Amino acid sequence: MSGPLPLSDPVGQLYAQLGEETLAAIVRGFYARVAEHPLLRPMYPEQDLAPAEERLLLFLRGRFGGPPDYVEQRGHPRLRMRHAPFPIDRAARDAWMACMDHALDGVELELQVQQTLRAFLDQVATFLINRR
Ligand code: HEM
C-alpha cells in the first residue's frame with residue numbers, strides 16, 4: 001500500500017515529535033560513544049565516523065516520518081544485508097544499545113516518545129544479530 005503511514009504508526013510520528021535538532025543530537029551522542037568503544041569502534045571500516053553518523057541520521061529521519069533522503073541516496077535500507085559483513089553477536093548488539101541508551105539519556109524526551117524510540121531501536125538491534 002502506498003501513501004502516508006496510518007496515524008496509528010507511532011514510529012512514523014517520531015520525527016515530528018523529536019524534531020531535527022534532537023534527532024541529530026541523539027545520533028551525535030551515539031557516535032561519540034561508539035568512537036570510544038573497544039568492541040564497536042573496530043567494526044566501523046572508515047577512519048572517519050562522520051559519514052556513518054550521517055547515514056544513520058538519514059535513515060532514522062526517513063523511518064521516523066521525516067524527509068526521505070536515505071532511500072533517495074542509498075535505496076532500500078536492507079539493514080540485515082548491509083550489516084552482514086559485521087560480526088553482530090549478542091554482546092555487540094548490547095554494546096550498540098548501551099551507546100544508544102547513553103545518547104538518549106543526553107536529551108530530554110517525553111516518556112512516551114522515549115519508550116517508542118527505545119523499543120524500535122531495541123527491536124531492530126536484535127533483528128540484526130547475525131551470529132552466536
Ligand atoms: C546491533 C548492533 C549494530 C552494530 C554492531 C552496527 C554496526 C554498523 C556498522 C559497522 C556499520 C557500517 C558503518 C557505515 O559505514 O555506515 C553500520 C551501518 C548502518 N547501520 Fe548499524 N549496527 C547495529 C545496529 C543498527 C541499528 C539498530 C540500526 C537502525 C535502527 C542501524 C542502522 C544502520 C544504518 C542505516 C547503516 C548505514 C547503512 C548504509 O547505508 O550503508 N544499525 N552499522
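Just so you know, ligand 1 is whichever comes first in the structure, and atom 1 is the first atom listed for that ligand. Nothing here was measured: the structure is a model prediction, and the numbers come from that model.
Given atom 7 (C) of ligand 1, the protein heavy atom at minimum distance is Tyr44 OH, 3.5 Å. Nearest protein heavy-atom contact of atom 35 (C) of ligand 1 is Phe59 CB, 3.5 Å. At the shortest separation from atom 41 (O) of ligand 1 among protein heavy atoms lies Arg74 NH2, 2.6 Å. Scanning the protein heavy atoms around atom 40 (O) of ligand 1, the nearest turns out to be Tyr70 OH, 2.5 Å.
The residues Asp69 and Arg55 are annotated as not salt-bridged, no charged nitrogen and carboxylate oxygen being separated by less than 4.0 angstrom.
At a threshold of 4.5 Å between non-hydrogen side-chain atoms, the residues Met97 and Arg118 count as touching. Contact of the Val107 side chain with the Leu18 side chain is not registered, since no non-hydrogen atoms from C-beta on lie closer than 4.5 Å. Counting only heavy atoms from C-beta outward, the side chains of Arg61 and Glu20 approach each other to under 4.5 Å. The closest side-chain heavy-atom distance from Arg41 to Leu49 is below 4.5 Å. The side-chain heavy atoms of Leu60 and Phe120, taken from C-beta on, include a pair separated by under 4.5 Å.
Contact atoms of ligand 1 toward Ala125: 1 (C), 27 (C) (distance under 4.0 Å to a heavy atom of the residue). For ligand 1, the atoms sitting less than 4.0 Å from at least one non-hydrogen atom of Leu121 are 27 (C), 30 (C), numbered in the order shown with element in parentheses. Atoms of ligand 1 lying under 4.0 Å from any heavy atom of Arg55, numbered from 1 in the order shown and given with element: 14 (C), 15 (O), 16 (O), 37 (C), 39 (C), 40 (O), 41 (O). Interface of Ala52 with ligand 1, defined as ligand atoms under 4.0 Å from a residue heavy atom, comprises 13 (C), 14 (C), 16 (O).
Summarising the local packing, CZ of Arg78 is surrounded by 12 or fewer heavy atoms from other residues, nucleotides or ligands at distances under 6.0 Å.
Cluster membership for Phe86 and Leu79, using ILVMFWY side-chain heavy atoms within less than 4.5 angstrom, is shared.
Excluding waters, the set of protein N, O or S atoms lying under 2.8 Å from atom 21 (Fe) of ligand 1 comprises His83 NE2.
Remark: side-chain polar atoms of Arg80 are paired, donor with acceptor, to backbone N or O of Ile129 under 3.5 angstrom.
Residue contacts with ligand 1 do not include Phe127, since none of its heavy atoms lies under 4.0 Å from the ligand.
The ring-ring contact (aromatic ring centres under 6.0 Å, His included) test applied to Tyr15 returns no partner, not counting sequence neighbours.
Of the options Arg63, Glu53, Met43, the smallest heavy-atom separation from atom 10 (C) of ligand 1 is shown by Met43.
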| request: Report the C-alpha distance between Leu56 and Tyr31 in whole Å, list the side-chain angles of each, state the deciding distance to 0.1 Å, and finish with yes or no for side chain to side chain contact (heavy atoms under 4.5 Å, CB included). | output: CA-CA 10 Å; Leu56 182 60; Tyr31 272 101; 3.8 Å; yes
